[in-house]
Amino acid sequence: MEIEKDLHNYIRIFENALPEKVLNNFLKVCKDYKSWEKATIVANSEGLSSVEEKTRSTNLWCLNNIGNKSFTEVHWCNFFKYIFKNAINEYLDLCNHSSRRNHFKFLDIQVLKYTEEGHYVFHIDHGTTTPRTFSCILFVNDNYEGGDLKFRYPISEEE
């Protein structure tokens, strides 16, 4: 199908992005983490965030490496930035955009923990207050039902 071929230019899947031992170590850290917060959404044009569970119901751990006293969190933040940076550069190379390599910065790295009723309605990652060029998703487990990741093709002018 032509649409699927076109979407392939924008979506890349990297299987087994982490060695199993590394993934298991990260899962243990997540299990032991005690400060999960309710995830927010950017709610208005000023970029103010709020918890709106009808839109997004999940727990959040926002990894950061600046001003953080936890060496564990700094380590995982830097590690995931390295993994995502390499994946983005590989994508840029495949799409013949290698001149743009390393010309990006990370807004944030969010670890999401969904409960049985958790969800995030259809949304767009890029906006005026959150100017995202790339979004990277790393699934750390697949032992659940539901929770499909879906992409909508942009609506054409005829529709």
Side-chain angles (χ1 to χ4, degrees), residues 1-42 55-127 130-154:
M1 179 181 230
E2 192 63 35
I3 289 175
E4 289 176 11
K5 183 179 178 188
D6 191 40
L7 284 177
H8 184 72
N9 292 327
Y10 300 98
I11 299 169
R12 290 280 192 242
I13 298 173
F14 297 87
E15 298 288 343
N16 303 312
L18 299 180
E20 189 173 347
K21 183 177 178 181
V22 173
L23 181 58
N24 289 335
N25 287 338
F26 181 67
L27 288 172
K28 182 181 179 332
V29 170
C30 288
K31 184 177 181 181
D32 294 342
Y33 186 69
K34 304 289 186 227
S35 300
W36 292 96
E37 299 175 6
K38 291 286 185 186
T40 60
I41 62 167
V42 177
T55 302
R56 185 180 192 191
S57 178
T58 185
N59 294 316
L60 169 74
W61 174 16
C62 196
L63 289 176
N64 66 69
N65 60 356
I66 298 176
N68 196 320
K69 294 180 182 178
S70 167
F71 289 135
T72 299
E73 190 169 327
V74 169
H75 162 77
W76 286 110
C77 181
N78 288 333
F79 176 77
F80 286 121
K81 283 183 177 184
Y82 172 80
I83 294 294
F84 292 140
K85 178 182 164 211
N86 286 340
I88 291 168
N89 282 331
E90 185 176 333
Y91 168 80
L92 290 171
D93 288 345
L94 289 169
C95 297
N96 296 318
H97 293 293
S98 57
S99 63
R100 299 179 71 190
R101 288 177 63 94
N102 302 314
H103 291 248
F104 52 85
K105 69 175 189 168
F106 290 89
L107 293 178
D108 57 7
I109 294 181
Q110 299 178 355
V111 180
L112 302 177
K113 181 179 178 183
Y114 286 87
T115 60
E116 189 172 319
E117 298 297 319
H119 64 274
Y120 199 171
V121 300
F122 179 78
H123 63 282
I124 298 171
D125 283 355
H126 175 78
T130 53
R132 294 180 178 132
T133 304
F134 287 95
S135 291
C136 299
I137 299 167
L138 174 68
F139 290 103
V140 297
N141 66 335
D142 60 3
N143 59 344
Y144 56 86
E145 291 184 30
D148 295 331
L149 177 64
K150 296 181 179 181
F151 295 91
R152 287 190 185 166
Y153 195 77

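In this text, all values refer to a predicted model and were calculated from it rather than measured experimentally. Residue numbers start at 1 and run along the sequence shown.
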| message | For Tyr144, is the OH atom crowded, meaning more than 12 foreign heavy atoms sit under 6.0 Å from it? | response | yes
| Checking His126 side chain against Thr133 main chain: does a donor-acceptor pair fall under 3.5 Å? | no
| query | Does atom OH of Tyr82 have more than 12 heavy-atom neighbours from other groups under 6.0 Å away? | reply | no
| query | If you count the non-hydrogen atoms of other residues, nucleotides and ligands that lie under 6.0 Å from CG in Asp142, is the total more than 12? | reply | no
| query | Under the 3.5 angstrom rule, does the side chain of Asp108 hit a backbone N or O of Gln110 as a donor-acceptor pair? | reply | no
| query | Arg56 side chain to Tyr120 main-chain N or O, any donor-acceptor pair under 3.5 Å? | reply | no
| field | Greater than 12 external heavy atoms within 6.0 Å of Leu149's CG | value | yes
| query | At their closest point, which heavy atom of Arg12 faces which heavy atom of Tyr91, and how far apart are they? | reply | CG-CD1, 3.2 Å
| task | Determine whether more than 12 heavy atoms belonging to other residues, nucleotides or ligands lie under 6.0 Å from atom NZ of Lys85. | result | no
| query | Checking side-chain contact (heavy atoms from CB on, under 4.5 Å) for the pair Asn86/Phe14: CA distance, chi angles, key distance, verdict? | reply | CA-CA 11 Å; Asn86 286 340; Phe14 297 87; over 6 Å; no
| How long is the span from the CD1 atom in Ile109 to the CZ atom in Phe84, to the nearest 0.5 Å? | 6.0 Å
| request: Check the pair Phe80 / Asn65 against side-chain contact (heavy atoms from CB on, under 4.5 Å), numbers first and verdict last. | output: CA-CA 11 Å; Phe80 286 121; Asn65 60 356; over 6 Å; no
| query | Between Arg132 (side chain) and Asp125 (backbone), is there a donor-acceptor pair under 3.5 Å? | reply | yes
| message | Just checking Ile13: does its CD1 atom have more than 12 heavy atoms from other residues, nucleotides or ligands closer to it than 6.0 angstrom? | response | no
| request: Classify the ring geometry between Phe79 and Trp76 as parallel (under 30°), tilted (30 to 60°) or perpendicular (over 60°). | output: perpendicular
